[in-house]
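Notes for the one structure printed next.
Residue numbers start at 1 and run along the sequence shown.
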Amino acid sequence: MPFSRFLLCALGALLLSACGSSQPASGGRSNTAGYDALRAPAVDKAIVYDGTIPAADGETIGITVYQPALAADAAAPLVIHGHGFGLSRNKDFDTANPVAAFLGADVTSDAGRLAWNSGYYVISFDQRGFGDSSGPITVMDPAVDGRNISTILDWAEANLPHLARRRGDPVVGAVGLSYGGGFQLIGSAVDARFDALVPTATWNDLRYSLAPAGVPKTIWLDILVAAGGATAGFQFEPFVYTAFLQATLGTVSQASLDEFEKRSFASYCAGTRADGAGVPAVNAFFVQGANDVLFNMNEAAANLDCLRSRGHDARLLVQTNGHIIPALQSAGRQILFGVDENLRCGGQSYSTAAMMLDFLDQKLKRQAPGAQSPPALCVSLTPDQGLLLTSLPRGGQTLAVAETQVIPGAVGQIVNLLRGLPLQTLLSSLAGLGPEAINLILDILQNPPGSNAGYGPDFLALLPRIVNLLPYELLQQLTAAPVYVPLYSVSGDQALAGIPQASLSFAGGLNSPPLFVGLGLRRGAAGDAVAVSDQVTPVRASGAVALDLAGVRAALSAGDEIGLLLYGFHPYYLNNSILSLAPVPVTVSGTVSLPLVSR
């Protein structure tokens with residue numbers, strides 16, 4: 001159907017029945033929005049239509065427009081909806097994208113549907129390189145993706161007759177998860193027409209997201225490149241391939257880090273951009289997952305602080321999931337991502353989608369806060385319990401870390417795994433290495449457990465190839481066994497809620513090897529410690545280091561015990577360099593500051 005016909009559908013009642021699905025518009029609270037007067041014909045039914053817009057560089061942008069039912073001369077603000085990486089726009093809010101529904105729960109689509117039903121225009125669009133939008137994937141380059149977003153707003157101003165304006169400026173909000181949150185931060189920094197954002201499970205600084213302390217988060221790099229390639233035929237900007245190849249070898253160049261910085265809201269907050277652009281004058285409600293190991297709580301805290309420091313209304317909801325790694329994390333029915341649909345903050349129950357809409361209503365329609373108005377900061381501990389805070393704690397009660405020894409790398413775990421295999425399974429799994437390599441491995445495995453005999457350069461060089469040959473069911477067993485250092489015994493009802501801080505000293509090891517640090521929780525001080533919120537933070541083991549650990553949240557009860565987890569390697573960061581680290585022990589000592597609060 002040609003796009004001109006879609007425009008006619010949006011403007012005329014005669015063609016409404018040919019325009020696709022329809023929904024009744026529901027009323028909202030009274031409108032005191034102060035919009036400019038306009039003249040536009042009534043739209044008797046809500047309609048949906050698809051189309052494409054020419055991008056400035058000759059590529060195309062795929063869009064779906066949700067037109068609400070509106071009385072004559074009524075104004076409607078606009079909400080832009082963006083999808084996650086590897087997915088595509090939402091063409092029908094009542095029938096979930098089957099791929100998205102399989103991978104997880106996207107509450108931001110629910111918020112888009114609620115907005116449309118309550119009298120907003122909604123435009124869901126395909127990010128560059130996905131769906132019907134052409135061009136190589138640039139990972140939110142302000143000069144490319146940001147320009148596309150401005151093009152959508154230009155189109156909306158020219159083609160949406162009921163678009164609300166104040167003093168001639170369109171009234172615009174945005175919702176979206178992950179990559180659909182990244183477009184909001186970059187888009188608002190590029191284009192001042194945005195008034196309110198609801199970024200969900202998104203980043204502040206891609207350097208920190210993908211290579212904290214210069215240690216590549218290999219598992220998520222693999223997933224993201226695979227997701228982009230599956231839907232876009234591997235049409236990436238060249239720097240993405242370069243960074244991916246570097247990460248498999250255990251490092252990321254400064255040039256790649258510079259490209260990631262350019263695509264990060266952090267560069268606007270820090271004022272380090274070559275174009276001189278600063279922080280946008282926009283309000284935002286951030287939703288982040290405590291168990292999200294791609295974009296963790298620290299990223300949302302940095303975004304929150306950035307906007308609050310400029311005097312803007314910024315709020316934060318910390319809930320459970322976000323991005324979830326299959327097989328390594330459990331997230332109910334979610335496979336790759338999810339957002340809690342319902343939760344509690346203080347003594348009140350909330351629908352996350354309704355909170356998003358209420359925030360947009362306040363900022364775009366100037367309505368008074370409703371029953372679902374998001375608080376300044378809520379940390380959801382369980383579906384039935386959540387803390388109301390004014391700011392996210394950093395550090396807190398300082399506790400000593402007893403001197404402890406950790407062995408870097410994966411050598412010990414791999415050798416123990418291979419020792420436990422039946423000989424025939426071992427030989428069939430590693431047949432591709434050739435007889436000389438297999439003989440070398442058999443010689444090492446015959447040494448007593450715990451012995452480092454034979455761990456020479458020839459064996460270390462083989463480790464990446466060994467891991468690549470192991471069947472998936474064996475790889476699942478290749479997880480790091482942490483060293484646990486007890487820190488704190490809980491004596492009452494408390495909670496961990498915030499960003500722990502550590503000051504650690506390292507001695508030994510070779511060439512500043514990476515270690516991985518997290519907090520462990522032993523319920524009732526019994527059994528194995530479980531990593532709080534599934535979070536670990538890489539650190540280069542050399543001298544004295546002060547750092548923020550990944551943010552965590554957990555409800556605590558009397559008798560529980562919190563300790564420090566120290567890993568020689570971790571599956572989130574498994575690459576060739578870490579696999580082949582020489583197993584030379586590192587001694588660790590220092591202090592950890594815990595964000596403990598009453599509940």
Side-chain angles (χ1 to χ4, degrees), residues 104-107 110 177 200-201 285-293 295-298 300-301 315-325 328-335 337-356 371-393 396 488-500 518-536 549-563 565 594-599:
D106 180 4
V107 171
D110 297 334
L177 182 146
T200 302
F285 172 36
F286 296 99
V287 179
Q288 207 82 354
N291 291 55
D292 190 323
V293 298
F295 304 137
N296 63 29
M297 193 189 302
N298 302 42
R315 311 182 200 183
L316 172 61
L317 168 63
V318 176
Q319 44 86 50
T320 305
N321 292 314
H323 299 82
I324 300 299
I325 300 174
L328 295 180
Q329 294 179 273
S330 174
R333 69 181 182 87
Q334 284 82 43
I335 293 178
F337 61 83
V339 178
D340 292 347
E341 296 178 3
N342 299 286
L343 42 75
R344 290 183 68 84
C345 298
Q348 183 174 344
S349 296
Y350 288 91
S351 155
T352 304
M355 294 172 82
M356 295 174 174
Q372 294 289 295
S373 176
L377 200 157
C378 170
V379 178
S380 172
L381 299 173
T382 69
D384 301 317
Q385 186 178 183
L387 300 171
L388 292 175
L389 305 170
T390 55
S391 60
L392 196 65
Y488 178 74
S489 295
V490 181
S491 58
D493 288 342
Q494 291 182 288
L496 277 172
I499 299 175
L519 292 183
L521 173 59
R522 298 175 69 216
R523 293 291 184 189
D528 293 332
V530 176
V532 181
S533 300
D534 295 333
Q535 297 289 350
V536 298
L549 302 183
V552 294
R553 64 91 159 96
L556 306 174
S557 300
D560 291 344
E561 181 183 81
I562 303 169
L565 295 177
L594 300 179
L596 293 163
V597 297
S598 300
R599 64 178 178 90

Next on the checklist: Determine whether Tyr350 and Gln319 satisfy the following criterion, side chain to side chain donor-acceptor pair (under 3.5 Å), listing intermediate values before the conclusion.
Outcome noted: CA-CA 12 Å; Tyr350 288 91; Gln319 44 86 50; over 6 Å; no
So which atom in [X] and which in [Y] form the shortest heavy-atom distance, rounded to 0.1 Å?
X: Asp534; Y: Val293; value: O-CG1, 3.4 Å
X: Leu549; Y: Asn298; value: O-ND2, 3.0 Å
X: Ser533; Y: Ala290; value: CB-O, 3.4 Å
X: Val107; Y: Ala353; value: CG1-N, 3.5 Å
X: Leu317; Y: Met355; value: CD2-SD, 4.2 Å
X: Thr352; Y: Asn342; value: OG1-N, 4.4 Å

Determine whether [X] and [Y] make a side-chain contact, defined as any pair of heavy atoms from C-beta on separated by less than 4.5 Å.
X: Met356; Y: Thr200; value: yes
X: Pro393; Y: Ile499; value: no
X: Ser373; Y: Gln348; value: no

Checklist entry - Between the side chain of Asp560 and the main-chain N/O of Gly524, is any donor-acceptor distance below 3.5 Å? => result yes
Next on the checklist: Given 3.5 Å as the limit, does a donor-acceptor pair link the side chain of Gln288 with the main chain of Leu316, or not?
Outcome noted: no
To the closest 0.5 Å, what do you measure between [atom1] ([X]) and [atom2] ([Y])?
X: Leu521; Y: Leu565; atom1: CG; atom2: CG; answer: 9.5 Å
X: Ser489; Y: Leu556; atom1: OG; atom2: CG; answer: 11.5 Å
X: Asp292; Y: Gln535; atom1: CG; atom2: CD; answer: 7.5 Å
X: Asn291; Y: Ile324; atom1: CG; atom2: CD1; answer: 5.5 Å

Item to check | Residues Ile562, Leu596; criterion side-chain contact (heavy atoms from CB on, under 4.5 Å); working and verdict | outcome: CA-CA 11 Å; Ile562 303 169; Leu596 293 163; 4.1 Å; yes
Checklist entry - Taking Arg553 as the fixed residue, which of Val532, Thr320, Leu392 is the one that meets the side chain to side chain contact (heavy atoms under 4.5 Å, CB included) rule? => result Thr320
Please table the atom pairs, donor to acceptor, closer than 3.5 Å between any side-chain atom in residues 380-390 and protein atoms at least two apart or in another chain.
| unit_1 | atom_1 | unit_2 | atom_2 | d |
| --- | --- | --- | --- | --- |
| Ser380 | OG | Thr382 | O | 3.3 |
| Thr382 | OG1 | Asp384 | N | 3.2 |
| Thr382 | OG1 | Gln385 | N | 3.2 |
| Gln385 | OE1 | Arg599 | NH1 | 2.8 |

